[in-house]
Amino acid sequence: MFCTFYHRGSKGNCNLYSKWIIFLKNKQIPLSGRNPLFQDTLNVRPHLLVLNKMDLADLSSTQNILKKLEKEGVRNVLFTDCLRQRDENVKKLVPMVEEMIETTDRFNREENRDYCLMVIGVPNVGKSSLINSLRRTNLRKGRASRVGGEPGITKAVLTKIQVSERPLMYLLDTPGVLPPRIESVETGMKLALCGTILDHLVGEDVIADYLLFSLNRLGKFGYVEKYDLQEPSDDIQHVLKRIAVKLRKTQRVKAITGVGNITGTIPNYTAAAYHFIRAFRKGELGQVVLD
Ligand SMILES: Nc1nc2c(ncn2[C@@H]2O[C@H](COP(=O)(O)OP(=O)(O)OP(=O)(O)O)[C@@H](O)[C@H]2O)c(=O)[nH]1
């Protein structure tokens, strides 16, 4: 997940042309989950990159991710879990941003030292959750920005929200933005699997199939035990059938035949696929990095 903060070192509204940015990305897709247009179009730098949902990612990949990002010139990186009541890394964000601003001459021109920053990232990456988590951690205050399990919850740039008292810091929540063109089908599938694109636009069955493929590719076979399978399988119909039977996600159907109507019960594949995808997003199928 990518999170971007724009800083304007004075009281008043923060605007898109301010110079400070924090990108928010999903740690499960540290490379796919970014919108290159954020960097190119806005020409914003330096920035702080927040990789969120670290509770869902395979922690052994952390050094690898950092190395890849460093090659791209990204050095200010923070890993967060915004659902945790008190996340030590979320606590580090304000001092980190402050230090970055203080040590960069061109951002220190104005006397007023309250900071206004903008959080940007692809949909459903946890931008609102980060703001709420910062408020919880720094101010012991409740939620200020709406959070939801689907992309498109934040629909407009909201009013600035205070996230720290000393230094006085405000953040602006923004709607998630995807690039107009997704570079490959593979990247698109990763984004869909992480809930960045509305499920029905891609199709739950297609996402579930890609999920099974990814779990097998990465050797994450937790689904075998969870759904009482005999062994790993690459047959999505078979896996969904087991899930449907285990969770009693079945439906009654009526068939009209030459010898009369027959009523039977069949697995509800769509409901099973929905469950399978949700289980992955909650981390119940193991910690995974897709990139
Ligand atoms: N596991 C986990 N889930 C998270 C984390 N942060 C956010 N979420 C969940 O991710 C979903 C999206 O969170 P939001 O904060 O609404 O994301 P957003 O980027 O503001 O979404 P849009 O407004 O749609 O762009 C919600 O279901 C959150 O509970 C995290 O660190 N770990």
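One-based numbering, in listed order, for ligands and for the atoms of each.
- In the hydrophobic clustering (ILVMFWY side chains linked at under 4.5 Å, chained through shared members), I266 is joined by V253.
- Nearest to atom 19 (O) of ligand 1 by heavy-atom distance, out of K282, K53, K127, R281, is K127.
- Against a heavy-atom cut-off of under 4.0 Å, S129 is close to the following atoms of ligand 1: 6 (N), 7 (C), 13 (O), 14 (P), 15 (O), 28 (C).
- Atom numbering of ligand 1 starts at 1 in the shown order; those under 4.0 Å from a heavy atom of L56 are 1 (N).
- Contact check on K220 versus D58 returns a salt bridge, with a Lys/Arg side-chain nitrogen under 4.0 Å from an Asp/Glu carboxylate oxygen.
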Practice prompt. Could you go through the side chain to side chain donor-acceptor pair (under 3.5 Å) check for E204 and Y269 one step at a time?
Written response: CA-CA 9 Å; E204 277 90 353; Y269 288 102; over 6 Å; no
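- With hydrogens and angles disregarded, no donor-acceptor distance shorter than 3.5 Å links the side chain of D234 to the backbone of N216.
- Polar contact with ligand 1: present for C82 (N/O pair, distance under 3.5 Å).
- Each of the following atoms of ligand 1 lies closer than 4.0 Å to a heavy atom of P123: 25 (O).
- A cation-pi contact links R278 to Y274, judged by a cut-off of 6.0 Å to the six-membered ring centre and 45° from its axis.
- Of all atoms in ligand 1, listed by their number and element, those nearer than 4.0 Å to a heavy atom of S128 are 15 (O), 20 (O).
- The shortest distance between side-chain heavy atoms of L215 and Y223 falls below 4.5 Å.
- For atom 21 (O) of ligand 1, the choice among V122, L83, N124 with the nearest heavy atom turns out to be N124.
- For N132, no heavy-atom contact with ligand 1 is shorter than 4.0 Å.
- Shown in contact with D81 at under 4.0 Å from a heavy atom are these atoms of ligand 1, numbered in order with element: 30 (C), 31 (O), 32 (N).
- Although no hydrogens or angles enter the test, the distance criterion places a donor-acceptor pair under 3.5 Å between the side chain of R136 and the main chain of R84.
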